[in-house]
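Keep in mind it's a predicted model, so treat the numbers as computed, not measured. Both backbone and side-chain heavy atoms feed into the values below; hydrogens, waters and symmetry mates do not.
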Amino acid sequence: QVQLVESGGGLVQAGGSLRLSCAASGTIFGINAMGWYRQAPGKQRELVATITSGGSTNYADSVKGRFTIFRNTPKNTVYLQMNSLKPEDTAVYYCNAEIQFRDYWGKGTLVTVSS
């Protein structure tokens, strides 16, 4: 009933910026939290940033000061603004949402940062 669709990934040069979007659709009463995770080749999936229904945010140390998570609540959409991108940011980025005590995941969008 609920689907998450990410968009905005692509190829960017080091130091550049990208903005990722994740739209939730379906039968949604309320979203407790949404977040972004990423998985680089040969590495485990890791948390990037989260935002709760109350607006509290949390970031991985590696992206603090460079990435910003924000939301458009009426549209059930969360964004990740990524600035000052580094080659080590290269990964598949996944959207996650806690909706009515269930976890949902998007299929991912690839971000590639070249040196």
Side-chain angles (χ1 to χ4, degrees):
Q1 288 182 299
V2 176
Q3 288 189 316
L4 305 179
V5 180
E6 305 102 330
S7 62
L11 175 65
V12 65
Q13 190 176 13
S17 299
L18 284 174
R19 180 178 172 181
L20 306 183
S21 300
C22 173
S25 62
T27 303
I28 301 173
F29 176 76
I31 300 176
N32 180 251
M34 299 186 77
W36 291 93
Y37 295 71
R38 67 186 182 186
Q39 187 167 22
K43 296 185 178 180
Q44 295 180 317
R45 185 175 297 187
E46 64 176 353
L47 183 147
V48 177
T50 60
I51 185 166
T52 69
S53 61
S56 297
T57 58
N58 184 53
Y59 298 92
D61 288 341
S62 60
V63 306
K64 286 182 178 178
R66 300 188 298 120
F67 292 9
T68 302
I69 187 170
F70 60 101
R71 62 184 180 175
N72 186 327
T73 302
K75 293 184 178 292
N76 292 324
T77 302
V78 67
Y79 306 89
L80 185 68
Q81 179 66 45
M82 305 185 293
N83 298 325
S84 302
L85 283 162
K86 304 175 181 179
E88 50 262 45
D89 294 318
T90 296
V92 176
Y93 284 71
Y94 297 91
C95 179
N96 170 259
E98 296 179 25
I99 303 175
Q100 292 146 199
F101 301 103
R102 298 178 183 178
D103 280 345
Y104 298 89
W105 291 90
K107 293 183 179 180
T109 184
L110 177 63
V111 172
T112 302
V113 184
S114 63
S115 60

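- Legend: salt bridge (Lys or Arg N to Asp or Glu O under 4.0 Å) pairs involving residues 106-115, not counting sequence neighbours: none detected.
- The structure places CE of M82 at 11.0 Å from OG1 of T68, a figure rounded to the nearest 0.5 Å.
- For T112, the side-chain contact (heavy atoms from CB on, under 4.5 Å) partners at least two apart in sequence or on another chain are L11, T90, L110.
- Sorted by first and then second residue, the side-chain hydrogen bond (donor to acceptor under 3.5 Å, both in side chains) pairs with a member in residues 18-31 form an empty list; sequence neighbours excluded.
- Evaluation of the side-chain hydrogen bond (donor to acceptor under 3.5 Å, both in side chains) rule for N83 yields S17, Q81 as partners, not counting sequence neighbours.
- Pairs engaging residues 42-52 under the salt bridge (Lys or Arg N to Asp or Glu O under 4.0 Å) rule: R38-E46 [sequence neighbours left out].
- Under the side-chain contact (heavy atoms from CB on, under 4.5 Å) criterion, A97 pairs with L4, M34, I99, sequence neighbours left out.
- Shown here is Q3, whose CD atom has no more than 12 heavy atoms of other residues, nucleotides or ligands within 6.0 Å.
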### Query
Under the side chain to side chain contact (heavy atoms under 4.5 Å, CB included) criterion, do L47 and N58 qualify, and how do the steps go?
CA-CA 9 Å; L47 183 147; N58 184 53; 4.2 Å; yes

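- Legend: ring pair (Phe, Tyr, Trp, His ring centres under 6.0 Å) pairs involving residues 53-79, not counting sequence neighbours, sorted by first then second residue: F70-Y79.
- Closest of all the heavy-atom pairs between A14 and S115 is CB-CA, 4.4 Å.
- Note on residues 95-105: no pairs pass salt bridge (Lys or Arg N to Asp or Glu O under 4.0 Å), not counting sequence neighbours.
- When each of T57, V63, L20 is tested with I69 by the rule side-chain contact (heavy atoms from CB on, under 4.5 Å), just one qualifies, namely T57.
- Using modelled atom types, one side-chain atom of E6 and one backbone atom of G108 make a donor-acceptor pair closer than 3.5 Å.
- For T52, the side-chain contact (heavy atoms from CB on, under 4.5 Å) criterion is met by S56, not counting sequence neighbours.
- A search for salt bridge (Lys or Arg N to Asp or Glu O under 4.0 Å) contacts involving D61 returns K64, not counting sequence neighbours.
- Counting heavy-atom neighbours within 6.0 Å of Q13 CD, excluding the residue itself, gives a total of 12 or less.
- Y37 is linked by a ring-ring contact (aromatic ring centres under 6.0 Å, His included) to W105, counting only residues two or more places apart in sequence or in another chain.
- Applying the salt bridge (Lys or Arg N to Asp or Glu O under 4.0 Å) test to pairs two or more places apart or on separate chains, those with a residue in residues 65-81 are R66-D89.
- Between T109 atom OG1 and Y94 atom OH the span is 10.0 Å, to the nearest 0.5 Å.
- With hydrophobic clusters built from ILVMFWY side chains whose heavy atoms lie under 4.5 angstrom apart, Y104 does not share a cluster with V92.
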